Amino acid sequence: MATLPNPLPALAADPSGGSLGLRLPAGTLLDTTDEGPWHEPLLWCADSRALPGGWAALEPARRAGLLPVVLETGDGHGGPDRWELMPGEMSYPGDHDAQEVLAEYWEEHAAQDEAWPAPAGPLDQGRDPEVLAADVADTLLGDGGPFKEPRLALVPARRSADLPTAIGWTGPVNHEGDTARLSAVLRSWEDRFGIRVTALGFDHLLVSVAAPPTTPAAAEAVAAEHLAFCPDNIRQGAHPALRAYAEHQVLNRRTWQFWWD
């Protein structure tokens, strides 16, 4: 996968990141993959539980080519060193057309003979995507948040949508073995809806949404893309009917969550 130069090796001799203009807490560089150590660090992960405000404190890392993400390490699967990462199996997101990917998934997973409804149109962004992502992260990390043991991480990536592919994340492997194809869809959602990849777990993904659908028709169009992108999310979720899912999980929602069995 084509990436920018990886600034993470500099942290080996400079753990606080001072040479990169950072003031990092104690953390660990991870290069663990399913096939042994990678040739360079895949990510930096904080050693202690993340707290509100931690995401904003990592914002200067963007200038060094590192993007923040919250990792759930307390769901029984451990941290990313135990996630069976496979960066060598990933292609480049830019080599895939998001609409072709979605149409292929739709043909495989939608009801028989139900035609692909075409992609949802872009929506006006009501909030700054980066500001919203920081706000969502604070909500995840606050008291009563959904994660048992969240850790903040930094990943060398060109854009937020590429984060899962950059680390070789295999959470959706039972649906798609090349995560770059999913990142291609996430790139399209970045452009149309202002999403940012905010949190990753062993097999689940959460994005912030700066421009969510605000009408039932628009929400249902986006829900069709969700069905193609992550069939388990709907088929095995609380709202298996597309219209109900659109109403409860997409319409005016500032976060979208996905889970693969």
Side-chain angles (χ1 to χ4, degrees), residues 1-50 54-55 57-95 137 147-173 176-183 186 196-206 260:
M1 171 179 163
T3 60
L4 294 171
N6 188 348
L8 289 178
L11 299 180
D14 178 25
S16 69
S19 62
L20 300 176
L22 308 177
R23 297 180 61 184
L24 297 178
T28 302
L29 293 172
L30 296 176
D31 63 0
T32 307
T33 77
D34 192 47
E35 299 180 344
W38 194 238
H39 64 273
E40 61 183 0
L42 294 168
L43 70 154
W44 170 92
C45 184
D47 291 339
S48 58
R49 191 185 196 283
W55 180 289
L58 293 180
E59 280 297 316
R62 294 181 184 277
R63 295 193 294 271
L66 298 168
L67 300 183
V69 66
V70 177
L71 304 181
E72 167 61 300
T73 66
D75 60 357
H77 296 286
D81 58 322
R82 297 173 54 192
W83 285 2
E84 302 174 353
L85 302 179
M86 301 180 69
E89 300 300 314
M90 306 303 163
S91 59
Y92 178 56
D95 290 339
F147 292 166
K148 295 179 180 179
E149 190 62 33
R151 304 289 179 92
L152 282 163
L154 291 171
V155 177
R158 294 177 181 273
R159 50 194 292 180
S160 176
D162 294 355
L163 283 169
T165 303
I167 66 172
W169 186 59
T170 57
V173 68
E176 174 57 71
D178 183 2
T179 306
R181 284 165 55 83
L182 296 178
S183 281
L186 292 171
R196 295 293 185 270
V197 173
T198 308
L200 283 173
F202 174 73
D203 56 5
H204 52 275
L205 163 71
L206 182 145
W260 290 266

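No experiment lies behind these values; they were computed from the predicted model shown.
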(Q) Would H204 and D75 count as a side chain to side chain contact (heavy atoms under 4.5 Å, CB included) here? Give the steps. (A) CA-CA 11 Å; H204 52 275; D75 60 357; 3.2 Å; yes

Q: Give the C-alpha distance, both sets of side-chain angles, the deciding distance and a yes or no for side chain to side chain contact (heavy atoms under 4.5 Å, CB included) between R151 and V70.
A: CA-CA 6 Å; R151 304 289 179 92; V70 177; over 6 Å; no

(Q) Please evaluate residues V197 and L205 with respect to the criterion side chain to side chain contact (heavy atoms under 4.5 Å, CB included), reporting the C-alpha separation (whole Å), side-chain torsions for both, the decisive distance (0.1 Å), and the verdict. (A) CA-CA 8 Å; V197 173; L205 163 71; 3.6 Å; yes

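With E72 contributing its side chain and E149 its backbone, the two residues share a donor-acceptor pair below 3.5 Å. Judged purely by atom type and a 3.5 angstrom limit, D81 has no side-chain atom pairing as donor or acceptor with the backbone of L30. Checked by atom type and distance alone, the side chain of D178 pairs as donor or acceptor with a backbone atom of S91 at under 3.5 Å.
Note that the CG atom of L24 and the CH2 atom of W44 stand 5.0 Å from one another [nearest 0.5 Å]. Between the CG atom of L29 and the CD atom of E40 there is a distance of 11.0 Å, given to the nearest 0.5 Å. Atom CG of residue D203 and atom NE2 of residue H77 lie 5.0 Å apart, to the nearest 0.5 angstrom. Going from atom CG of D162 over to atom OH of Y92 covers 6.5 Å, rounded to the nearest 0.5 Å. Note that CZ of R82 and CZ of F202 are 9.5 Å apart. Values are rounded to the nearest 0.5 Å. Summarising the geometry, atom CH2 belonging to W169 is positioned 11.0 Å from atom CG belonging to L71; distances are rounded to the nearest 0.5 Å.
Of all the heavy atoms in L67 and R159, the pair that sits closest is CD1-C, 3.4 Å. Heavy atoms only, all atoms of each residue included: W83 and G78 are closest at NE1-O, 2.9 Å.
Of the candidates D34, T33, V173, M86 forms a side-chain contact (heavy atoms from CB on, under 4.5 Å) with just one, namely D34.
Taking 4.5 Å as the limit, every side-chain heavy atom of T32 sits out of range of all side-chain heavy atoms of L85. Using a 4.5 Å cut-off on side-chain heavy atoms (C-beta onward), M90 and T170 make contact.
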